Amino acid sequence: MASNSTKSFLADAGYGEQELDANSALMELDKGLRSGKLGEQCEAVVRFPRLFQKYPFPILINSAFLKLADVFRVGNNFLRLCVLKVTQQSEKHLEKILNVDEFVKRIFSVIHSNDPVARAITLRMLGSLASIIPERKNAHHSIRQSLDSHDNVEVEAAVFAAANFSAQSKDFAAGICNKISEMIQGLATPVDLKLKLIPILQHMHHDASLASSARQLLQQLVTSYPSTNMVIVTLHTFTLLAASSLVDTPKQIQLLLQYLKNDPRKAVKRLAIQDLKLLANKTPHTWSKENIQVLCECALQTPYDSLKLGMLSVLSTLSGTIAIKHYFSLAPGNTITSPRSSDLVKLAQECCYHNNRGIAVHGVRVLTNITASCQEKELLALEQDAVFGLESLLVLCSQDDSPGAQATLKIALTCMVKLAKCRPHLSQSVVESLLTQLHSAQDASRILMCHCLASIAMQLPVLGDGMLGDLMELYKVIGRSATDKQQELLVSLATVIFVASQKALSAEVKTVIKQQLENVSNGWTAYRIARQASRMGNHDMARELYQSLLTQVASEHFYFWLNSLKEFSHAEQCLTGLQEEDYSSALSCIAESLKFYHKGIASLTAASTPLNPLSFQCEFVKLRIDLLQAFSQLFCTCNSLKTSPPPAIATTIAMTLGNDLQRCGRISNQMKQSMEEFRNLASRYEELYQASFDADSATLRNVELQQQSCLLISHAIEALILDPESASFQEYGSTGSAHADSEYERRMMSVYNHVLEEVESLNRKYAPVSYMHTACLCNAIIALLKVPLSFQRYFFQKLQSTSIKLALSPSPRNPTEPIAVQNNQQLALKVEGVVQHGSKPGLFRKIQSVCLNVSSTLQSKSIQDYKIPLDSITNEMEQNVEPHNDYFSTQFLLNFAILGTHNITVESSVKDSNGIVWKTGPKTTIIVKSLEDPYSQQVRLQQQQAQQPLQQQQRNAYSRF
């Protein structure tokens, strides 16, 4: 029975099936724990991490850990080991245990067992709990005692626990330091135990004196025990201590360089290089010029390629940081030889053509980083060395499809992109060498090279139509088989072709791509190519591909999704026929586009599911529809100057009303409405931006460009027609100086600058409103719509997923049932929350803090007798909470002095590490009913009863008359 119930819980984890609530799931596992069979008990124990992941709130986690503590107390060693593993897997949920004392008490009772294995498991358990019980003296005492045990298993467990407690507790670290020192220096302690004890000293960084004493001890150990193993462990502990305490990092770098230079053992040298790499990543600013010089000398002198590779890897890491500027900076009063003759440059140039690929790529990377970060004239000549080195590596690695060659090629191509970005004049030669090498390269290398080409071409328009022929020839040659590499290559090369042909694709190019897709591709490859076409603005190609895929999908949701993409592509294709000065055809193009957009949004709504609501996509498309309708309305408003010109008495009316705009007739009011509409659209785009926490930077930039388009048109209306005198162009003039990361952005920026120049010149020359003003607005709309819309990555693919789950207490059993509270008391509302991540947490941005906003509004009053002050009707509070291990908790005190029903709304938003606020939600609502307190009720009833006899007497007096 128990096993069945456990299986039913597991089955509920499946997608699309109804899930058990938290209590039911815990009860199912509890049945397994109480089973008489050891196997079922163990199975129930190991299911707990999944339960914690699914229901990560303290009330359940506390109950579950108490049940596990009971199993640990009364079970056998195997069950205890299972509980230990569960505790270690669920480390981030430990701080949600509410009854810590009771939990530890049940665990700690096993420490007094006669079984050393049971004691060892308990010590490891206590070590795993160090984050929540850092200052428990009984735990500290048990660890100290167990370090003196004669049982090796127990001593190893005590060492593990001592390391964990030292990391968490300053008192324990200070107390145990001498004990560890005695054990390490004691003759009776075996060498293997000493090697396990030394790493504990890395945690002695809580204050300067403790770190200093640990450092002195390690210094003694390095000199007293010169054996390889001892030196390696001691030096590594030394490095970790220095990295944590930060004070002695320069001394540690010098010590490691000393061992690297003077110690003849390769194992020690390798360890020194590994630790130098760690310090180069963590504290590059602490590296002096002398340190880098010593490392360069060692690399130049060593005859071993493996050591040279390690040293160059440290130098290539440093070359991408501030340390490289320190190296090439001149100290005051110091004259040295030219930077080109420095050892670092010599080493890099020497290694660029080394027969070891790894050494060569690090040499090239150093040269690239020097070129990118140092602007000295003498160093500018190094860029040619970097280009030649990269080209030779490209030829070498592109012919080899081994994993090592591919990893090297990746680094080389990254350097190419960096070089092309910081030195645009080199991009043409870099692109030509890539295109030349594409023909003879292996498929795996071709894919990487295509990514590199697309990345360079997105930043700089270097892929011209002249190169399109080469690419098309290559496209015809590849794709002879349907292997995964070939499919990937088809997508990568198609992307490069889309980037190269910045305008619409020619019929010949489309034919070649479609023919190749029909020959060897599967549906997924065709979809990926269509997706890239939508991103690059090639909507005619995308529409044809989506159309061909409609009948190849397995569910109606996918069908509706593809159908909506087809309709959107068709809608955008309708706008490609726009011509300047041809306003009547522009109106018909927009109307045609809107027709397809409305069809598409209906399909998109049908494609959404509760698990995948497609909220960003729907909102983005709705905004696009509203923007097109606003453009259409503005066209009609501009045309109304011809169809309904101002009346003859318009000037008289304007003078009478004191409003100069009235002489323009009805167009002035219509323009005012249009301007408000565009401003409203801009604010809606801003809201969409703030709600897209998980979007990539390109998608966010795209949304920002749409918002700027709306603001541009509203500014143009204001500057040309509504308020020409006070219009300012300075705040809009700086848009062109920003670096554009894509062709779409470049074209939009060009349109913005052109429109602003036109508006500014008209604003100075002519008074409003003339046909030239309306023509300028219409041309601005056409110029904006002629740039094909780019559907960015987040529209198709969500790489980062972040959501917040809130739990309020007290909470009603039934959502519609109100919580009762007396009006003379305050309600303590506890808000708990869990941040849930997808497979790549923090890929684009991380949550720094969660902002909780609690507001309450009065829904209905119980007593209508008296006026209610406004401040007592509503509560409005806000708190910022920093999540710890993805969990946060806070409390609000709410006052409900007015009798009646109140609606409490809790809304969360997040602040990222840059301080930007994102309105991610969710929003939770509960109902509170404010009741009169018994004493006030009693007083009121007494007053009513006292008034009744008086009223009765008055009635009797009147009845006599």
Side-chain angles (χ1 to χ4, degrees), residues 116-117 119-124 126-128 130 139-206 209-245 248 251-252 255-256 258-260 262-275 278:
V117 176
R119 292 200 302 271
I121 295 171
T122 309
L123 284 167
R124 287 187 179 274
L126 289 171
S128 303
H140 294 182
H141 178 68
S142 299
I143 294 166
R144 279 171 159 279
Q145 269 192 322
S146 298
L147 282 171
D148 296 326
S149 171
H150 297 292
D151 186 87
N152 288 339
V153 176
E154 188 176 355
V155 173
E156 283 183 21
V159 170
F160 169 82
N164 283 17
F165 271 92
S166 297
Q168 299 291 336
S169 169
K170 178 184 173 182
D171 289 348
F172 181 80
I176 204 78
C177 189
N178 291 334
K179 170 84 175 167
I180 290 168
S181 171
E182 288 167 14
M183 289 181 73
I184 292 171
Q185 291 174 327
L187 297 174
T189 312
V191 175
D192 60 335
L193 181 56
K194 287 181 182 180
L195 291 173
K196 288 170 185 168
L197 284 167
I198 290 169
I200 297 176
L201 296 170
Q202 69 182 279
H203 302 298
M204 305 294 165
H205 53 73
H206 298 282
S209 60
L210 187 62
S212 175
S213 61
R215 194 169 173 80
Q216 283 173 7
L217 173 59
L218 287 165
Q219 189 74 55
Q220 289 172 15
L221 292 173
V222 163
T223 50
S224 308
Y225 298 93
S227 69
T228 304
N229 287 343
M230 284 294 280
V231 169
I232 285 174
V233 172
T234 310
L235 274 180
H236 188 56
T237 306
F238 229 147
T239 304
L240 294 173
L241 178 63
S244 300
S245 59
D248 298 306
K251 286 183 189 173
Q252 183 60 24
L255 180 67
L256 290 168
Q258 185 184 326
Y259 270 91
L260 179 63
N262 302 329
D263 199 300
R265 293 168 291 189
K266 283 182 81 174
V268 175
K269 285 180 186 285
R270 274 198 293 269
L271 184 276
I273 290 169
Q274 176 191 320
D275 283 357
L278 186 149

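Only a predicted model underlies this, so the values are computations on that prediction, with no experimental measurement involved.
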If only atom types and distance count, is the side chain of Ser166 paired as donor or acceptor with the main-chain N or O of Ala162 below 3.5 Å?
-> yes
Just wondering, do Leu126 and Ile143 contact through their side chains at under 4.5 Å, heavy atoms?
-> no
Atom of Asn164, atom of Gly127 and distance for their closest heavy-atom approach | ND2-O, 2.9 Å
Lys179/Asp148 under side-chain contact (heavy atoms from CB on, under 4.5 Å): CA gap, chis, key distance, verdict = CA-CA 10 Å; Lys179 170 84 175 167; Asp148 296 326; 2.6 Å; yes
Ignoring hydrogens and geometry, is there a side-chain-to-backbone donor-acceptor pair from Ser245 to Leu241 under 3.5 Å?
-> yes
Looking at side-chain heavy atoms only, is the closest gap between Ile184 and Thr189 below 4.5 Å?
-> no
Could you tell me the separation between the SG atom of Cys177 and the CD1 atom of Ile200, rounded to the nearest 0.5 Å?
-> 10.0 Å
Test item: Val231 and Arg265 side chains (from C-beta on) under 4.5 Å apart, heavy atoms = yes
Can you list the residues that meet the salt bridge (Lys or Arg N to Asp or Glu O under 4.0 Å) rule with Lys266, with sequence neighbours excluded?
-> none
Can you list the residues that meet the salt bridge (Lys or Arg N to Asp or Glu O under 4.0 Å) rule with Asp151, with sequence neighbours excluded?
-> none
What heavy-atom pair brings Arg215 and Phe238 nearest, and what distance separates the two atoms?
-> NH1-CE2, 2.9 Å
Is any side-chain heavy atom of Arg124 less than 4.5 Å from a side-chain heavy atom of Glu156?
-> yes
Look up atom CD in Gln258 and atom CG in Asn262, then write down how far apart they are to the nearest 0.5 Å.
-> 6.0 Å
Distance, nearest 0.5 Å, that separates OG1 of Thr234 from CD1 of Ile198 | 4.0 Å
Which value, rounded to the nearest 0.5 Å, describes the distance between Leu147 atom CG and Glu182 atom CD?
-> 11.5 Å
Does Glu154 offer a backbone N or O that forms a donor-acceptor pair with the side chain of Ser146 under 3.5 Å?
-> no
Test item: His203 side-chain N/O and Gln168 main-chain N/O as donor-acceptor pair under 3.5 Å | no
Parallel, tilted or perpendicular, as decided by the 30° and 60° cut-offs, for the rings of His140 and Phe165 = perpendicular
Taking Thr239 for its side chain and Leu235 for its backbone only, find out whether a donor-acceptor pair lies under 3.5 Å.
-> yes
Any donor and acceptor pair, going by atom type alone, linking the side chain of Arg144 with main-chain N or O of Gly175 inside 3.5 Å?
-> yes
Out of curiosity, Leu271 CG to Tyr259 OH, how far, rounded to the nearest 0.5 Å?
-> 10.5 Å
Does His236 have any ring pair (Phe, Tyr, Trp, His ring centres under 6.0 Å) partners at least two apart in sequence or in another chain, and if so, which?
-> none
At their closest point, which heavy atom of Ala174 faces which heavy atom of Leu210, and how far apart are they?
-> CA-CD1, 3.8 Å
Residue from Leu240, Ile273, Leu256 passing side-chain contact (heavy atoms from CB on, under 4.5 Å) with Leu278 | Leu240
What is the distance from atom OG of Ser213 to atom CG of Leu218, rounded to the nearest 0.5 Å?
-> 9.5 Å
Side chain proximity check, Lys194 to Val233, heavy atoms < 4.5 angstrom = no
Going by heavy atoms in the side chains, are Val222 and Leu255 under 4.5 Å from each other?
-> no
Met204 and Ala214 have their tightest heavy-atom pair at CB-CB, 3.7 Å
